[in-house]
Structures are given as C-alpha cells and as structure tokens.
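Have a look at the structure below before the remarks.
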Amino acid sequence: GGDAWTDYAPHLDAAIAEEGLDARLVTATDAPGEIDYIIYAPDSGLRDFAPYTRLKAVMSLWAGVESIVDTPSLTVPLCRMVDPGLTEGMVEWVTGHVLRHHLGMDRHILGQDGVWRNEVVPPLARHRPVGLLGLGALGAAVGRALVGLGFPVHGWSRSAKRLDGITCRHGADGLAATLAEAQILVSLLPATAATDGLLDADALALLPKGAVFINPGRGSVVDDAALLAALDAGRMDHATLDVFRTEPLPADHPFWAHPRVTVTPHIASATRPDTAAQSVIANIANHERGAPLAHQVDRSAGY
Ligand code: NDP
C-alpha cells in the first residue's frame, strides 16, 4: 500500500510482462482470499496474514525482517530482499565512510583555517585492517569492494565461510580475533536475539585503540552506553551510525551532539524499485515453475 504501491507498481507490472508470469497486481487489501504472493513493505502496518487463505509466500521489500519474522499468522515462507541496487548502494556508502576515516578527511574538510598542515601521512589501505561483522548478501559485497581497495578484511559470520581475499571466522573465538584486528569495524549483522547487544563493553574493549565503528546494519547490535563510554574515554576514535535502537533517533539522544559520532538517518542504502521488482518477480516466476524460493528467512535464526 501507500508509497510502496506508487513506487513499485509500474516496475512490478513491467517485470511480470518480462517474465511472462501469468499474474495480476492488486493491492493486498483487495480480496485477500485470492492472493498468492504478498510483496510486502514492513512499514505498511499489515500484520494479520490470516485472511490470506491461499497465500504461498510473503516477499519483503526490505532486507531486515525483524519486524515481521515472529508474526504468528505468517506461516508461509518469508523471503528477504536481496536487490542488486540495494547491494551497490551499501557498497558505496560503506566504502565512502571507510575511506573518510582511513584518509582522515575530516582534518582538512572541517579544519580549514589558513594553516598549511601537511605532516600527517595516512597509512596505505593495505596497512589498515578492517573487521566486517556479517558476510551475507551485503557484507560479502562490501568485503569484496574493500579487498579491491587493498584493505586486509577480517570477516565474521554465524556459519563457516570461504570468501576470496577475506579472512573468514565464526564463533565466539572468531569474533574476538576479528575485533582484535579491526582498526575500522563495519557491522552488517541483522537484528536477531543472538546479535542483540553483541557489541557490549567487553567486546568493544577488544578493538585496537583508536578504532572506528561504522554501523549500517542494525542498531540493536551495539550497547549504546558502552559505545559512548569507549568514545568518551578516547579508546575509540569515532562511530558512524546509520541505524539505532529507536528510529528516528530522538533529538535528545547523546549521539546527535557527540563530537566523535556521525549520525546518518538510516540512509546507508535503499531498495531500488526497478532492480528489486525484477528480483522479486523472477523469484516468484521461478517458484511457479517449481524451483524453491530464494532468500528465504530461517525463522528459528530470525534472519
Ligand atoms: P544476510 O542475511 O544475507 O546476511 C546476514 C549476515 O549476518 C550473514 O553472514 C550471517 O551469517 C550473519 N549473522 C547473522 N546472525 C549472526 C550471528 N548470531 N553471529 C554471527 N553472524 C551472524 O543479510 P544482508 O547482508 O542482506 O543484510 C544485513 C543487514 O543489513 C540486514 O539484516 C539489515 O538489518 C541491514 N540493512 C541495512 C540497510 C540500511 O540502509 N542501513 C539497508 C539494508 C539492509 P551466515 O552467513 O552464517 O548466515
């Protein structure tokens, strides 16, 4: 419904025609008993899936599904958004913010005062290890881009992984080893019970002194008070945060005014209607031809 309908309907209709899918686009509130697939915007407010008696799957337009993964009436498969446009946007946002901190760009952008200071030579990327929490659709693409720029990348995920050029670790020991290397730490973890508060005071204490944290994943992963304490104590240099426990971030939250925190308003990357419509319709069309649905959420893991 709403904006999602206006943004997506023309692209979905075009993708349906392109795939040769025998389907018709209707709003989800029209004749629920006749709907096979719901293409779902989590901010639509729809939470009761019981009226959709012939539903085969729910296709989320968002990559993060924490707001609906536990919905009791949602008993059919739930698919996350994996969209090339979303991935490209995230790669661009993360590399931009990594390079900002790596090169110390603020020094010259914010400190222009008529004094010629050329004494600081930043290390090369190959001498700046980056830690990457989450090696999924987004994390793996971000890791590839950072490796391409020369950064040593230490990645961490739930299951064991092999990714070209990335040191991949998992488990509690793997997390500790990843944090210990991470001069710049990027989180692309989902919000789940297991990731809630993962970056607490003990975890943040494992980072090298002067580390930078960049969080475009989910705000629940970090303990805000522990992060502020590490920044205030000078143990960490900066945090660039795109996601928060409460969004919009309340105007009186200490992150806004903190000199070592950059707040961006959950804009790291957006699902792009043109590419996303193609991905969703291709997934539905393949499923109608008998293939398993791609990008299914594992309800027990919560992502
Ligand atoms: P995926 O599900 O593809 O990847 C999630 C990654 O996190 C996987 O590597 C997974 O491990 C790992 N992971 C999950 N739980 C744990 C755990 N308990 N311990 C260790 N690793 C864990 O998701 P995406 O890459 O597509 O997206 C990641 C998140 O990015 C989304 O959930 C969303 O919250 C956020 N996002 C933010 C946006 C923004 O604009 N700020 C835009 C889009 C997404 P494994 O590989 O073993 O499964």
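Atoms within each ligand, like the ligands themselves, are counted from 1 in listed order.
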Pair up each side-chain donor or acceptor in residues 204-211 with any protein partner under 3.5 Å, not counting sequence neighbours, and list the distances.
unit_1, atom_1, unit_2, atom_2, d
Lys209, NZ, Gly234, O, 3.2

Exercise. For Leu227, which of Val261, Leu241, Leu199 qualifies under side-chain contact (heavy atoms from CB on, under 4.5 Å)?
Worked result: Leu241

For this session: Just jot down the side-chain hydrogen bond (donor to acceptor under 3.5 Å, both in side chains) partners of Asp48, sequence neighbours excluded, or say none.
Result: none

Seminar exercise, completed: The answer, listing residues by chain and number that come under 4.0 Å of ligand 1 through any heavy atom, is Ala63, Gly64, Arg80, Leu86, Met90, Gly134, Leu135, Gly136, Ala137, Leu138, Gly139, Trp156, Ser157, Arg158, Ser159, Lys161, Leu188, Leu189, Pro190, Ala194, Thr195, Pro216, Gly217, Arg218, Asp242, Val243, His266, Ala268, Ser269, Tyr303

Exercise. Is there side-chain contact between Ile267 and Trp93, with at least one heavy-atom pair below 4.5 Å?
Worked result: yes

Problem set entry | Lys/Arg N to Asp/Glu carboxylate O, Glu19 vs Arg289, below 4.0 Å | yes

Less than 3.5 Å apart, which donor and acceptor atoms pair up between the side chains of residues 71-78 and the rest of the protein, not counting sequence neighbours?
unit_1, atom_1, unit_2, atom_2, d
Thr71, OG1, Ile68, O, 2.9
Ser73, OG, Arg47, O, 3.2
Ser73, OG, Phe49, N, 2.9

